[in-house]
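Have a look at the structure below, then the notes.
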Amino acid sequence: MEKMSRVTTALGGSVLTGRTMHCHLDAPANAISVCRDAAQVVVAGRSIFKIYAIEEEQFVEKLNLRVGRKPSLNLSCADVVWHQMDENLLATAATNGVVVTWNLGRPSRNKQDQLFTEHKRTVNKVCFHPTEAHVLLSGSQDGFMKCFDLRRKDSVSTFSGQSESVRDVQFSIRDYFTFASTFENGNVQLWDIRRPDRCERMFTAHNGPVFCCDWHPEDRGWLATGGRDKMVKVWDMTTHRAKEMHCVQTIASVARVKWRPECRHHLATCSMMVDHNIYVWDVRRPFVPAAMFEEHRDVTTGIAWRHPHDPSFLLSGSKDSSLCQHLFRDASQPVERANPEGLCYGLFGDLAFAAKESLVAAESGRKPYAGDRRHPIFFKRKLDPAEPFAGLASSALSVFEMEPGGGSMGWFVDTAERYALAGRPLAELCDHNAKVARELGRNQVAQTWTMLRIIYCSPGLVPSANLNHSMGKGSACGLPLMNSFNLKDMTPGLGSETRLDRSKGDTRSDTVLLDSSATLVTNEDNEETEGSDVPADYLLGDVEGEEDELYLLDPDHTHPEEPECVLPQEAFPLRHEIVDTPPGPEHLQDKADSPHVSGSEADTISLAPMDSSFSLLSVSHALYDSRLPPDFFSVLVRDMLHFYAEQGDVQMAVSVLIVLGDRVRKDIDEQTQEHWYTSYIDLLQRFRLWNVSNEVVKLSTSRAVSCLNQASTTLHVNCSHCKRPMSSRGWVCDRCHRCASMCAVCHHVVKGLFVWCQGCSHGGHLQHIMKWLEGSSHCPAGCGHLCEYS
Amino acid sequence: MFVARSIAADHKDLIHDVSFDFHGRRMATCSSDQSVKVWDKSESGDWHCTASWKTHSGSVWRVTWAHPEFGQVLASCSFDRTAAVWEEIVGESNDKLRGQSHWVKRTTLVDSRTSVTDVKFAPKHMGLMLATCSADGIVRIYEAPDVMNLSQWSLQHEISCKLSCSCISWNPSSSRAHSPMIAVGSDDSSPNAMAKVQIFEYNENTRKYAKAETLMTVTDPVHDIAFAPNLGRSFHILAIATKDVRIFTLKPVRKELTSSGGPTKFEIHIVAQFDNHNSQVWRVSWNITGTVLASSGDDGCVRLWKANYMDNWKCTGILKGNGSPVNGSSQQGNANPSLGSNIPNLQNSLNGSSAGRKHS
C-alpha cells in the first residue's frame, strides 16, 4: 500500500508518530482498549488477550495475559478496558459472567488480580470511573449492572434495569455520580451511582437494541447512542427531557460509537454485521460519512482513538484477527467520489441539471479541482465552532426549457402528424410532404421530397406551379427543371454542360446528355451530403468504368451554348452498377473545395460555386420523355435514406421508405429497415403519437414490425342479453339468437366504435350515446340505470 | 434559446442524479439524503413534487426509469450496497387528492458487497432487465422473467471488470444486427494508468457477456458514460465524462470479416475531445435524437455539443447552473464560461426571454 505517510502530533510534550499499519492476531478480537500513554493497546477476544506496543512502523507484542495450561472461561473476553488513570490496571468482562481485573504491576507471570463472579450471564461491558481509581462498573446480559470497589471482594451496589439485557454502560465525564446504560429493548437509562433503587431517567432511544453509547468528551451533556436500527443519535442530556440533537443514518447496525477527540461534531462507528468498514461521521451531515476506513476483511469489533487529544489516530480490532492503526489522512472520503451533479436531457430538448450549490454559486468562480472539495479537517488542530461547516452541501435543481421554436423537438411532432404516408398517388404524397417540410422550415427535407417526386413520377405530370413552388423560381421553357435549378442554385458559369461519351463500342461518338432529373438528383445529393463521406457523385462518377453502358465524364468538352439533344431515341439500358466505380477526380476536388457549409438542416439550399472544371450533366428534353427507369436512382435514394438515418433523422428515412414502398424496399436490407422502423416507432411513442405510430406499424412491410400491433388485441365480449360469452364472430349471439351489439338509441347493429355503460352494459354508437347523454342521464335502453359517460 | 426554471428541490444533501422518464413528463431526483423524489410536469409546465420517500440507508447515487410498458417503475442504487426497484401504486386514496402518489419497493438487490454506483434498465426490446455496477468492479445483470411480477429478479450475469466501476450504459440500438452491449466506466483513481472504459457484448452462442473492446486511450477516472440513442444508425456513439468530454464512434466491422462466434470487432474513432470545463466532467447526456450532447463539469456549467456536417463537434451553448443562461454560438466554444454569470440579464434580454427565472 502507498499509505506510508507518517504523522506527528505534538501533545503537550509527548509526540505521537506512526502510520497506517496492521498486524495479525492469532484469533479474532472482541474488544480493544488503549493505555493512557497511547503507546500500548490491549486486545481481547474469546481466545486472545494480549498487549501490543504501538511503535512507529509496527505493532510489537509485549505481553500475553493468557497464561496457564488450561485457559479457563474466565479468559474468554467480551470486553476489555484499560484504566485511564492507572497504567497497570485492566478489567475484562468474560462471556461466562465473570468480571476480572488485572494488575500489570504484579511480579508473577499471572497478572490476574481479582475475580467477581456475580453476574449470571455474559458481561457485555465493563467501565472504569474516569476519575476514581477503584470504581468499576459492569453491565450484563442478565439485565443487571454492578458497581465494584476494587478494594473490596464483592460488588458495592447492583442496579436492576428492569429492562432486557444491558449492552453498554458508560460513566459520565461531567457528573461524578452519573452513568448511562443502554438496553436490548431500545431504552437508555441514566443512573446515579448512589441510588441503586431506581434510575434517574429513562427514555427509548432506538427501535431495537441499543448496542453502544459514548459521552462527548467536551460537550459533556451529549450522549451518542447507536442501535440495530442503523442509526446513531446524539442526545442532549442536560435538559429535562433528553433531546435528540442529531441523527446519523448508517448502512448497518451500529456496534460501537466513539467521539473523535478535538473534533466537536465527529464520531466514529463500526458495525457488527455485514459492513466491515469504520466510518467517521460529521453529525451535522448525517447522510454521508466524512471518512471511511476499509482495511478490515471482517466485522470490526473494537475501535478506540489512540489518544484523547489526538484526532488522527484510530485503532481497531476485528473478527478477521487483525489489529489496525488508521490514520485519518489515509481514510477514503466517500464525499470525494460522490458525483456532485446530475444532468438529463429531456424529450423536448429541455435539460434538467442539479449541481452542488458551491459549484454554481456565481461568486465562487472556478477553483482548482482538488482544493475545493476536500475539507482540510486533518490540518486543523482546533475546529472553530463559529466557522460555517464546510461539509454541509445542498444542490440547486433547475430545468432549462427550450423556448418555443428554439430548436426543440416540435418539428418532429408536427412532421409526424402532418406527413401523408399512404392513400394517395405518390406524386401527391411527395408534394404534400415537401410542403409540410417547407412550412416547418426544413428546406433540405422539402427538397428531398421534391426530388423523389421528380424521380419516381412521370415528369409530364409535374405541374409547373408546383415546381415553381418547390424550386422558388421557375420558367416555362422546354427545360423547366434545368432552368429553375440553374437560376436558383448555380453560379453563372454553370450553364455549361458536359458531354458524356458513351463508351459502348461502335457508338462511341454518341454524346449523351443525362436526364434533367438525374442532374437534379446529383445536385441535391451533393448538397445533402455536404462533405460528409456519403458518396455523392455516383452519376457523375466514373471515368474508367468497364461497363458498356457507362457515361463518361468529359470535362474537356464543355459546350458554351445550350445543350442539344443528341440522344438516340432507342434508349440504352441504364443500370445502376455505375455506382461501384470510383468517382471522377475533378468532382471530388470540387467537393472538397466547396466553401458551402451548413451545419443545420434549416440552412437554405444552395450549391457550391463550381469552377469551370466542374461538369454538369445537362438535360435533354427528349430524354425526359423516354424516362430513365426509376431503378436507376434507387442507389441514390438508398444512400440518401442511409444518410438521413445516420444523421439521426430516422423519421425521414422511414417516411420515404413507406411512401416509396416497393420502389426502394428491395435495395435496403431487411434488418436495417426493421431497425429504422423500430427506432421511429419508439420515438413516436415517446412523443405519445400513438396514431402515427400505429399507422407506421400498419404500413410497414417488415414482418417483425407489423406484428407489433397484433399483440394482445383480442377483445372478449359477452352478449348483452344473455350475458354469456360470444363465441362466434358474427353479430348474433348463438344462445339467445339476437343481435348482440345493438345500439340502444337507433336499434341497429353497431359495426365500428361501440360504447357501452359498464354499469348496465347497454350502449351503442358513440355519436348516438354521446348525444343521448347530453339530454338525459338515464340509460337510453330504458333500464333505469344512471349511466356515466366520461 | 433556453429559459431556466429553478426548482426548490428541498433535498437535504447533494443531488446526485436527475432522470426524465420515457415521455419526458416526469422527473426523478435522488440525493445523499437517502431519498428519491418524483416530479410531474403540470399543464403550465411547472414541476411539482408528487412523491418523496426514503429509499435507502445511504447516499442514493442514481435513479432511472423503466420503459412505461412495464408500469411506472423506478430503480435506484445506493452507497448502502443495494439497488432497489420501485413501483407507483395506482389507486384512489387521500394521497391522490393531495396530488401525491405512492411508491412501493418491489425488490432489493443485495448481491453487491460494496457501494452500488449505477443502475440502468436495458432497452425495452430486451425485456425487463436491469444492470448494476458496483465499487468492487462487478457488473450484474438481472432479469424479471415475468414482467408482471416486479418482485422477482434473477441474477443472470456477473461480469468482473477488475476496476471499481462508476457508471454503465446500455447500447440502446434495437437492431437485430447489434447484439446487446454495455459500456462500463471506472473511476478508479490509483496511479496505474489502466484503461477505464470497457465494452461488453452479449454472445448468443456462449450466452455470456464477453469483453468486446477496451478504450485504451481513456486512462483518467470516468464519471459518466452514455451511448447516444441509436435511431437507425449503423454505428454507435459513446460519450464519456472524464477529465474532459470525449465522444467516440464505434462502427461494427461486418460480421463476415471477423471470425464467426467471437465478439464483434469495432472500428473505434475518437471524434471529439473537449476540456472546456477546465476540470472534471461529471455528467454527459444525449438528446433524444443523439445529435446534441450535454455535459456538466466542476465549473458548474452545462455545455452543449453538436456535430456539423463534417462531423466536427462544436460547442453550441453554455448554460450556467444557477439558472442564468448563457447562449454560446458555435464560435464561443472556448470563450470564458463565466461570461454568463456576469451578465445574465443582458443575455436574457438578448434572447427575448422576459420570463427569466421562474420559481415554482
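Chain letters run A, B, ... following the sequence lines, proteins first, then strands; residues in each count from 1.
- A:Gln685 touches chain B through backbone and side chain together, each having a heavy atom under 4.5 Å away.
- Within the 4.5 Å cutoff, the side chain of A:Phe287 has no heavy atoms near those of the B:Leu14 side chain.
- The side-chain heavy atoms of A:Pro289 and B:Phe79, taken from C-beta on, include a pair separated by under 4.5 Å.
- Neither the backbone nor the side chain of B:Lys243 has a heavy atom closer than 4.5 Å to any heavy atom of chain A.
- For B:Ser164, the part sitting under 4.5 Å from any heavy atom of chain A is the side chain, from C-beta outward, and nothing else.
- Under 4.0 Å is where a charged nitrogen must lie from a carboxylate oxygen, and between A:Lys356 and B:Asp298 no such pair does.
- Between A:Arg285 and B:Asp13, the closest side-chain pair of non-hydrogen atoms falls below 4.5 Å.
- Minimum heavy-atom separation, B:Thr291 to A:Gln647: CG2-O, 3.4 Å.
- When each of B:Arg25, B:Met27, B:His11 is scored by its heavy-atom pairs under 4.5 Å with chain A, the top score falls to B:Arg25.
- The minimum heavy-atom distance linking A:Trp676 with B:Gly232 is given by the pair NE1-O, 3.0 Å.
- Pairing each heavy atom of A:Leu397 with each of B:Ile15, the nearest pair is CB-CD1, 4.2 Å.
- Side-chain atoms of B:Ser285 come within 3.5 Å of backbone N or O of A:Tyr345 as a donor-acceptor pair.
- One side chain, B:Asn230 or A:His675, offers a donor N or O that lies under 3.5 Å from an acceptor on the other.
- Note: A:Asp275 leads A:Val654, A:Asn277, A:Thr250, A:Asp275 in heavy-atom pairs under 4.5 Å with chain B.
- You'll find the side chain of B:Val284 stays beyond 4.5 Å of the side chain of A:Leu343, heavy atoms only.
- Within 6.0 Å of the CG atom in A:Asp298, the count of heavy atoms belonging to other residues, nucleotides or ligands exceeds 12.
- Between the side chains of B:Ser6 and A:Ser398, no donor-acceptor pair of N or O atoms lies under 3.5 Å.
- Only the side chain of B:His178 has a heavy atom closer than 4.5 Å to any heavy atom of chain A.
- In this structure, chain B has no heavy atom under 4.5 Å from any part of A:Ala653.
- Between chain B and the options A:Val288, A:Thr672, A:Asp350, heavy-atom pairs under 4.5 Å are most frequent for A:Val288.
- Here CG of B:Asp10 is found 12.0 Å from OG of A:Ser395. Values are rounded to the nearest 0.5 Å.
- Under the 4.5 Å side-chain criterion, counting only non-hydrogen atoms from C-beta, B:Arg113 is in contact with A:His276.
- When all heavy atoms of B:Lys54 and A:Gln249 are compared, the closest pair comes out as CE-OE1, 3.0 Å.
- Using a 4.5 Å cut-off between heavy atoms, B:Ser295 contacts chain A through its backbone alone, with no side-chain atom that close.
- Salt bridge annotation for A:Lys230-B:Asp80: absent, with no cationic side-chain nitrogen under 4.0 angstrom from a carboxylate oxygen.
- Closest of all the heavy-atom pairs between A:Val274 and B:Arg81 is O-NH1, 3.5 Å.
- The residue among B:Gly24, B:Gly45, B:Ser78, B:Ser32 with the most heavy atom pairs within less than 4.5 Å of chain A is B:Ser32.
- Side-chain atoms of A:Glu646 come within 3.5 Å of backbone atoms of B:Ser234 as a donor-acceptor pair (strictly under, hydrogens ignored).
- Chosen from B:Thr114, B:Asn287, B:Thr82, B:Asp17, the residue pairing most often with chain A at heavy-atom distances under 4.5 Å is B:Asn287.
- With a 4.5 Å cut-off on non-hydrogen atoms, B:Trp286 touches chain A through its backbone but not through its side chain.
- Atoms CG and SG, from A:Leu359 and B:Cys301 in turn, are 10.0 Å apart once rounded to the nearest 0.5 Å.
- Residues A:Ala338 and B:His16 share a closest heavy-atom pair of CB-CE1, 3.7 Å.
- Under a cut-off of 6.0 angstrom, the local environment of CZ in A:Arg228 is sparse, with at most 12 non-hydrogen atoms contributed by other residues, nucleotides or ligands.
- Put simply, CZ on B:Arg283 and CZ on A:Phe353 are 10.5 Å apart, with the number rounded to the nearest 0.5 Å.
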Derivation and outcome, side chain to side chain contact (heavy atoms under 4.5 Å, CB included), residues B:Phe22 and A:Asp682: CA-CA 10 Å; B:Phe22 184 75; A:Asp682 180 78; 3.6 Å; yes
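- Side chains of A:Val399 and B:Trp47 form a contact here, defined as non-hydrogen atoms less than 4.5 Å apart.
- Residues A:Ser679 and B:Ser174 are in side-chain contact: their nearest non-hydrogen atoms beyond the backbone lie under 4.5 Å apart.
- The closest side-chain heavy-atom distance from B:His223 to A:Glu341 is not below 4.5 Å.
- Contacts with chain A were tallied for B:Leu231, B:Thr289, B:Asn312; B:Leu231 has the most, counting heavy-atom pairs under 4.5 Å.
- Among A:His642, A:Met231, A:Arg688, A:Gln673, the residue with the largest count of heavy-atom pairs under 4.5 Å with chain B is A:Arg688.
- When heavy atoms are compared at a cutoff of 4.5 Å, B:Asp311 does not approach chain A at all.
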